[in-house]
Amino acid sequence: VRASQLGLDGSGVAARGEADRCAAAAVGCFPDARPPALDRLRHELGVGEPGAAPPTTARDHFLDAAEHARAGRLDRAITAAERVTLLDPGHAAAHHLLGWAWANTAAPGRAAERFAVAAALMPSDHRPYRLWGVAESRGGHPERAVTVLELALQRPGAPPADAEYRFVT
């Protein structure tokens with residue numbers, strides 16, 4: 001299995017799909033508001049409502065981060081998500097998004113750190129564990145990768161071991 005198939009290198013359809021899922025999840029978390037980045041872009045293009053305010057809350061920054069990630073602007077996504085974690089250190093989705101963004105900018109060490117935080121904040125979700133394990137593997141730490149991926153397999157909803165984790169061995 002290649003990193004592009006897992007959506008970890010930012011080059012393929014899978015990466016775009018993962019970014020779209022992150023953005024959809026962000027909007028799903030806050031169904032009462034559109035992402036602030038979209039409002040500002042519409043305003044800059046002359047099609048939005050005038051006076052779109054810059055983000056001020058963790059929620060606003062997270063919606064910005066998700067929108068930037070969806071659009072492939074990973075440097076901006078990282079900046080916005082970092083602001084989220086400064087305002088709300090327990091924001092699991094922001095840590096997960098940071099892990100994904102760092103993985104897509106070829107920084108597996110930083111990605112692993114963020115996925116580890118997301119896993120601690122979402123202990124029953126297999127996804128941060130899975131991606132943490134992948135980041136450890138890409139960072140040259142196969143023993144750590146196996147340990148973390150074994151934890152992922154113990155979580156509800158995890159795919160069978162032979163379906164996704166064989167690239168680590």
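Everything numeric in this text was worked out from a predicted model, so none of it was measured.
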Undergrad: Show the nearest heavy-atom pair for residues A103 and A111, with the distance to one decimal.
TA: N-CB, 3.5 Å
Undergrad: Could you list the residues that satisfy side-chain contact (heavy atoms from CB on, under 4.5 Å) with E82, not counting sequence neighbours?
TA: I78, T85, L98, W102, R114
Undergrad: Could you list the residues that satisfy side-chain hydrogen bond (donor to acceptor under 3.5 Å, both in side chains) with T57, not counting sequence neighbours?
TA: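 Counting only residues at least two positions away or on another chain, T57 forms a side-chain hydrogen bond (donor to acceptor under 3.5 Å, both in side chains) with D60.
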Undergrad: About how many Å separate OG of S137 and CD of E143, when rounded to the nearest 0.5 Å?
TA: 10.0 Å
Undergrad: Taking C-beta and beyond as the side chain, do V134 and F115 meet within less than 4.5 Å on heavy atoms?
TA: no
Undergrad: Excluding sequence neighbours, so at least two apart, what forms side-chain contact (heavy atoms from CB on, under 4.5 Å) with T147?
TA: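 T147 satisfies side-chain contact (heavy atoms from CB on, under 4.5 Å) with no other residue.
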Undergrad: What pairs meet the salt bridge (Lys or Arg N to Asp or Glu O under 4.0 Å) rule with one or both residues in residues 83-98, with sequence neighbours excluded?
TA: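 Sorted pair list comes back empty.
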Undergrad: To the nearest 0.5 Å, what is the distance between NE2 (H61) and CZ (R59)?
TA: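 One gets 12.0 Å once the value is rounded to the nearest 0.5 Å.
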Undergrad: With sequence neighbours excluded, tell me which residues meet salt bridge (Lys or Arg N to Asp or Glu O under 4.0 Å) with R76.
TA: none
Undergrad: When rounded to the nearest 0.5 angstrom, what is the spacing between NE2 in H126 and CG in L131?
TA: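 The CG atom of L131 is 9.5 Å from NE2 of H126, to the nearest 0.5 Å.
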Undergrad: List the atom of T56, the atom of L87, and the distance in Å for their closest heavy-atom pair.
TA: O-CD1, 3.9 Å
Undergrad: For L121, check side-chain contact (heavy atoms from CB on, under 4.5 Å) against everything at least two apart and list the hits.
TA: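 L121: side-chain contact (heavy atoms from CB on, under 4.5 Å) contacts with A92, H95, V117.
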Undergrad: Connecting only ILVMFWY residues whose side-chain heavy atoms lie within less than 4.5 Å of each other, what is the rest of L86's hydrophobic cluster?
TA: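 Members other than L86 - counting any ILVMFWY side chain reachable under 4.5 Å - there are none.
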Undergrad: Work out which heavy atom in G133 is nearest to a heavy atom in A145; give both atom names and the distance.
TA: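 G133 and A145 have their closest heavy atoms at O-CB, 3.2 Å.
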Undergrad: Of all the heavy-atom pairs spanning D64 and A80, show the shortest one and how long it is.
TA: CB-CB, 4.2 Å
Undergrad: Does atom CZ (R155) have a neighbourhood of more than 12 heavy atoms from anything else shown, all under 6.0 Å?
TA: yes
Undergrad: Enter the distance from R70:CZ to R73:CZ here, rounded to the nearest 0.5 Å.
TA: 7.5 Å
Undergrad: Can you check whether A94's main-chain N or O pairs, donor with acceptor, with H91's side chain at less than 3.5 Å?
TA: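 Yes.
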Undergrad: Quick check for you: to the nearest 0.5 Å, what is the distance between D125 atom CG and H96 atom NE2?
TA: 6.5 Å
Undergrad: For W132, enumerate each residue passing the side-chain hydrogen bond (donor to acceptor under 3.5 Å, both in side chains) test, keeping only those at least two apart in sequence or located in another chain.
TA: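 W132: side-chain hydrogen bond (donor to acceptor under 3.5 Å, both in side chains) contacts with E136.
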Undergrad: For L97 versus A81, what's the shortest heavy-atom pair and its separation?
TA: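 So the minimum-distance heavy-atom pair works out to CD2-CB, 4.0 Å.
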Undergrad: Heavy atoms only: give me the nearest P128-A119 pair and the separation to one decimal.
TA: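 Heavy atoms of P128 and A119 come nearest at CB-N, 3.7 Å.
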Undergrad: Taking only residues two or more places apart in sequence or in another chain, which ones pass side-chain hydrogen bond (donor to acceptor under 3.5 Å, both in side chains) with R110?
TA: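 Result, side-chain hydrogen bond (donor to acceptor under 3.5 Å, both in side chains) vs R110: none returned.
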Undergrad: If you define the side chain from C-beta out and look only at heavy atoms, does anything of L153 sit under 4.5 Å from Y129?
TA: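 A side-chain contact under 4.5 Å is absent here.
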